[in-house]
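One structure is given below, encoded as structure tokens.
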Amino acid sequence: MKAQLAELLTLISSGCLEAAEIEQIASEAAQAYADPQAFLATNADINYDDSFPIPLGEWVVVGSLPEIVLFMGDSYEELFGEIRASFDPSVSFVLQAKQLRKTEPLAALNRIQTQLGALYPEKGGYVLVDFSEPLDTELQCVLVYRNDLERVMALCVEIGIPAVPALQAAQEADQD
């Protein structure tokens, strides 16, 4: 599982995490998945209990991701503001977070995905992916290069971390 976790972390971090950080997170998460009680016993500073809606290993992964990899917000305006802030100022964005303020959620998400899809065309652009179970906010996402999306989705299934392209999930929810 450690190798799968390391590959997943490498793909969702898009170069924002160093190999040593990825290795450490993958190692800790694999231990937490394999034997949660032993992991908690050797890491007494971990703030986790059985009331959390996700497994300890997943909690280690999510809790270890920096804010430039895991984006959270209670609105699409807030989420997109976090995403924009994570990029170098030289990256050109047409969409502004404040433009999403009074926009319906599906329309806002569509605008965000259109903007992200235009970045890094050599990698197929970015896809906004709902990642894990949001604990503290309404929205919790990572960015994945479109070229890596199929592999990221497969790894999430293998590991057991819920993940789905955000726009696809919103469109399906809107049809229900």
Side-chain angles (χ1 to χ4, degrees), residues 1-49 52-73 78-88 91 109 112-113 115-117 119-169:
M1 174 170 280
K2 182 179 169 187
Q4 293 166 310
L5 286 161
E7 183 181 0
L8 177 64
L9 289 163
T10 299
L11 293 173
I12 66 172
S13 68
S14 307
C16 294
L17 291 174
E18 294 181 19
E21 289 175 287
I22 289 170
E23 185 67 22
Q24 180 182 352
I25 296 167
S27 179
E28 289 177 0
Q31 291 170 28
Y33 272 116
D35 191 345
Q37 299 311 325
F39 183 81
L40 288 172
T42 57
N43 294 280
D45 59 329
I46 299 286
N47 182 21
Y48 178 89
D49 63 56
F52 281 55
I54 61 176
L56 179 60
E58 184 177 333
W59 187 85
V60 170
V61 170
V62 171
S64 299
L65 294 175
E67 61 187 24
I68 58 171
V69 174
L70 183 71
F71 304 101
M72 298 184 289
E78 188 179 345
L79 183 76
F80 189 66
E82 296 283 322
I83 293 168
R84 278 192 60 136
S86 75
F87 281 86
D88 185 272
V91 176
L109 193 50
I112 292 169
Q113 185 54 63
Q115 173 68 79
L116 294 173
L119 300 176
Y120 296 101
E122 62 277 7
K123 300 271 191 177
Y126 284 107
V127 176
L128 188 66
V129 175
D130 290 340
F131 189 76
S132 185
E133 182 74 31
L135 299 176
D136 299 323
T137 58
E138 292 291 316
L139 307 166
Q140 182 172 284
C141 301
V142 294
L143 296 180
V144 176
Y145 291 126
R146 183 167 303 283
N147 295 355
D148 296 334
L149 183 63
E150 187 175 329
R151 182 64 184 147
V152 167
M153 293 296 102
L155 286 165
C156 285
V157 168
E158 291 169 24
I159 295 166
I161 296 176
V164 63
L167 182 57
Q168 175 188 326

Please examine the side chains of [Y] and [X], heavy atoms only from C-beta on, and report whether any two atoms are closer than 4.5 Å.
{"X": "Leu116", "Y": "Val127", "answer": "no"}
{"X": "Asp130", "Y": "Cys141", "answer": "yes"}
{"X": "Ile25", "Y": "Leu5", "answer": "no"}
{"X": "Glu23", "Y": "Lys2", "answer": "yes"}
{"X": "Leu79", "Y": "Thr137", "answer": "no"}
{"X": "Leu11", "Y": "Tyr145", "answer": "no"}
{"X": "Gln140", "Y": "Ser132", "answer": "yes"}

Gap separating the [atom1] atom of [X] from the [atom2] atom of [Y], nearest 0.5 angstrom:
{"X": "Glu67", "Y": "Cys16", "atom1": "CD", "atom2": "SG", "result": "11.5 Å"}
{"X": "Leu65", "Y": "Met72", "atom1": "CG", "atom2": "CE", "result": "9.5 Å"}
{"X": "Ile12", "Y": "Leu70", "atom1": "CD1", "atom2": "CG", "result": "7.5 Å"}
{"X": "Ser64", "Y": "Glu21", "atom1": "OG", "atom2": "CD", "result": "10.0 Å"}
{"X": "Ser13", "Y": "Ile22", "atom1": "OG", "atom2": "CD1", "result": "4.0 Å"}

Please tabulate, for side-chain N and O atoms in residues 35-48, each donor-acceptor pair with protein atoms closer than 3.5 Å (sequence neighbours left out).
residue, atom, partner, partner atom, Å
Asp35, OD1, Ala38, N, 3.2
Thr42, OG1, Ala38, O, 3.2
Thr42, OG1, Phe39, O, 3.2
Asn43, ND2, Phe39, O, 2.9
Tyr48, OH, Ile54, O, 2.7
Tyr48, OH, Leu56, N, 3.3

Could you give the side-chain donor-acceptor pairs of residues 150-160 under 3.5 Å, partners two or more places apart or in another chain?
residue, atom, partner, partner atom, Å
Arg151, NE, Glu7, OE2, 2.8
Arg151, NH2, Glu7, OE1, 2.9
Glu158, OE1, Gln4, NE2, 2.5

*Determine, step by step, whether Val60 and Tyr33 satisfy the side chain to side chain contact (heavy atoms under 4.5 Å, CB included) criterion, reporting the C-alpha distance in whole Å, the side-chain angles of both residues, the deciding distance to 0.1 Å, and the verdict.*
CA-CA 9 Å; Val60 170; Tyr33 272 116; over 6 Å; no

If you look at every heavy atom in [X] and [Y], which pair is closest and at what distance?
{"X": "Leu109", "Y": "Ala166", "answer": "CD2-O, 3.3 Å"}
{"X": "Val61", "Y": "Ala29", "answer": "CG2-CB, 3.6 Å"}
{"X": "Pro53", "Y": "Leu135", "answer": "CG-CD2, 3.5 Å"}
{"X": "Val144", "Y": "Val129", "answer": "CG2-CG2, 3.8 Å"}

_Set of ring pair (Phe, Tyr, Trp, His ring centres under 6.0 Å) partners for Tyr120, sequence neighbours left out_ =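 Once residues adjacent in sequence are excluded, the partners of Tyr120 under the ring pair (Phe, Tyr, Trp, His ring centres under 6.0 Å) criterion are Tyr126.
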
*Heavy-atom neighbours of Glu122 CD exceed 12 at 6.0 Å*: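 Counting other residues, nucleotides and ligands, CD of Glu122 exceeds 12 neighbours.
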
*Is the backbone N or O of Leu128 less than 3.5 Å from a side-chain atom of Gln113, with the two atoms forming a donor-acceptor pair by type?*
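Between the backbone of Leu128 and the side chain of Gln113 there is a qualifying donor-acceptor contact (under 3.5 Å).
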
